[in-house]
Amino acid sequence: MDRNHPEQPPATPPADAHEPGQADHPGHHSAPVTTPGAQRRVLVVEDDPTIVEAIAARLRAEGFLVQTAADGPAAVETAAAWHPDLLILDVMLPGFDGLEVCRRVQAQRPVPVLMLTARDDETDMLVGLGVGADDYMTKPFSMRELVARSHVLLRRIERAAVAATTPRPGSVRLGDLEIDRTQRRVRAAGKDIHLTPTEFDLLMCLARSPRAVLTREQLLAEVWDWADASGTRTVDSHVKALRRKIGAERIRTVHGVGYALETPPGFAGEPSARNQAASEV
């Protein structure tokens, strides 16, 4: 989405949706609507009025409840008061930046975060993922893709909530790497590793088939529920972030194809361990 030519909101929004910017302050809730996702709350944090109004109008047309904030302090205050289900967060903000907003909001209450950045810089993306963001999009972006990714993040949270109440087998061990599905915790070389929800799901996906190469498209579809090849760079950035936490040597890159989770020497020749990984992950 271009700051100079943002995608315009629908010419005729649904009757339930109010005008962009109307009553977008902490403590005020948009009127419920009956379309799918009506009860899902999205906080959009962006300092450009044209962009934030276009995003808010599009999300309301999709049936979401939307609040907006234009700077870092207002974003943290609104998140604390309103408890959004999803945060769409620009990196460059007045007051303090989106990275600091993400840190403070996640410290209050875990919430999926879709970060927006004007710079196509992988370092910025990795920093964003490191402070708790689940996904990112680089400007200019497609409004259709933003809406789709928002739905994907919310579906993943719903699945995680169901999984948390479903009895599961114990830990999966691949050498000194231990993955606890029940508590969604990971230990590597005897140390606890903090992973974001997306990083945990990515590791679980790779662990289902140790040493097998999964394509970027497969990982994108299984972890993000997103089948568009344009998002494969998201996979690459998350893999890099995951490597930094569990050790680069644990994930092998097959150039032009995808990634595989490496296992200790001798693991492939131990049917019981291999079967355990297949059954428990």
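Being a predicted model, the structure only gives us computed values, none of them experimental.
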Would you call Val91 and Leu116 a side-chain contact if the rule is heavy atoms closer than 4.5 Å?
-> no
Taking C-beta and beyond as the side chain, do His194 and Glu199 meet within less than 4.5 Å on heavy atoms?
-> no
Consider only side-chain heavy atoms of I, L, V, M, F, W and Y, link residues closer than 4.5 Å, and tell whether Leu99 and Met92 are in one cluster.
-> yes
Check whether any side-chain heavy atom of Val147 lies under 4.5 Å from a side-chain heavy atom of Arg58, and answer yes or no.
-> yes
May I ask you to decide whether Asp201 forms a salt bridge with Arg184, counting only side-chain N to carboxylate O separations under 4.0 Å?
-> yes
Where Ala75 and Leu43 come nearest, the two heavy atoms and their spacing = O-CD2, 3.7 Å
Selection residues 200-224 - residue pairs positive for ring pair (Phe, Tyr, Trp, His ring centres under 6.0 Å), sequence neighbours left out = Trp224-His238
Does Ser209 use its side chain to pair, donor to acceptor, with the backbone of Ala212 at less than 3.5 Å?
-> no
Run the salt-bridge test on Lys139 and Asp90 with the 4.0 Å N-O cut-off and return the result as yes or no.
-> yes
Side-chain heavy-atom pair Leu261, Arg211 within 4.5 angstrom cut-off = no
Passes side chain to side chain contact (heavy atoms under 4.5 Å, CB included), Leu87 versus Val45? Steps please.
-> CA-CA 8 Å; Leu87 184 61; Val45 186; 3.7 Å; yes
Test side chain to side chain contact (heavy atoms under 4.5 Å, CB included) on Leu206 and Ile251 and set out the steps.
-> CA-CA 9 Å; Leu206 290 168; Ile251 301 179; 4.2 Å; yes
What's the shortest heavy-atom distance between Ala70 and Asp47, and which atoms?
-> O-CB, 3.4 Å
Test item: Arg109 side-chain N/O and Pro84 main-chain N/O as donor-acceptor pair under 3.5 Å | yes
State, with a plain yes or no, whether a side-chain heavy atom of Met143 is found less than 4.5 Å away from one of Ile55.
-> yes
Are the side chain of Thr253 and the backbone of His255 linked by a donor-acceptor contact shorter than 3.5 Å?
-> no
Can you check side chain to side chain contact (heavy atoms under 4.5 Å, CB included) on Arg41 and Gln67, steps first, answer last?
-> CA-CA 8 Å; Arg41 301 180 178 190; Gln67 294 245 18; over 6 Å; no
Apply the test side chain to side chain contact (heavy atoms under 4.5 Å, CB included) to residues Arg243 and Glu249: give CA-CA distance (whole Å), side-chain angles for both, the deciding distance (0.1 Å), then the verdict.
-> CA-CA 8 Å; Arg243 277 177 166 150; Glu249 73 284 354; over 6 Å; no
Would you call Asp135 and Arg149 a salt bridge, using N to O less than 4.0 angstrom?
-> yes
Do Thr215 and Tyr259 have a side chain donor and acceptor closer than 3.5 Å?
-> no
Is there side-chain contact between Asp85 and Phe64, with heavy atoms separated by less than 4.5 Å?
-> no
With a 4.5 Å limit on heavy-atom distance, are the side chains of Leu114 and Leu89 in contact?
-> no
Non-hydrogen side-chain atoms of Pro110 and Gln106 separated by less than 4.5 Å | yes
Check: Val113 main-chain N/O paired with Asp134 side-chain donor or acceptor under 3.5 Å | yes
Taking only Lys NZ, Arg NE, NH1 and NH2, and the carboxylate oxygens of Asp or Glu, determine whether Glu262 and Arg250 approach each other closer than 4.0 Å.
-> no
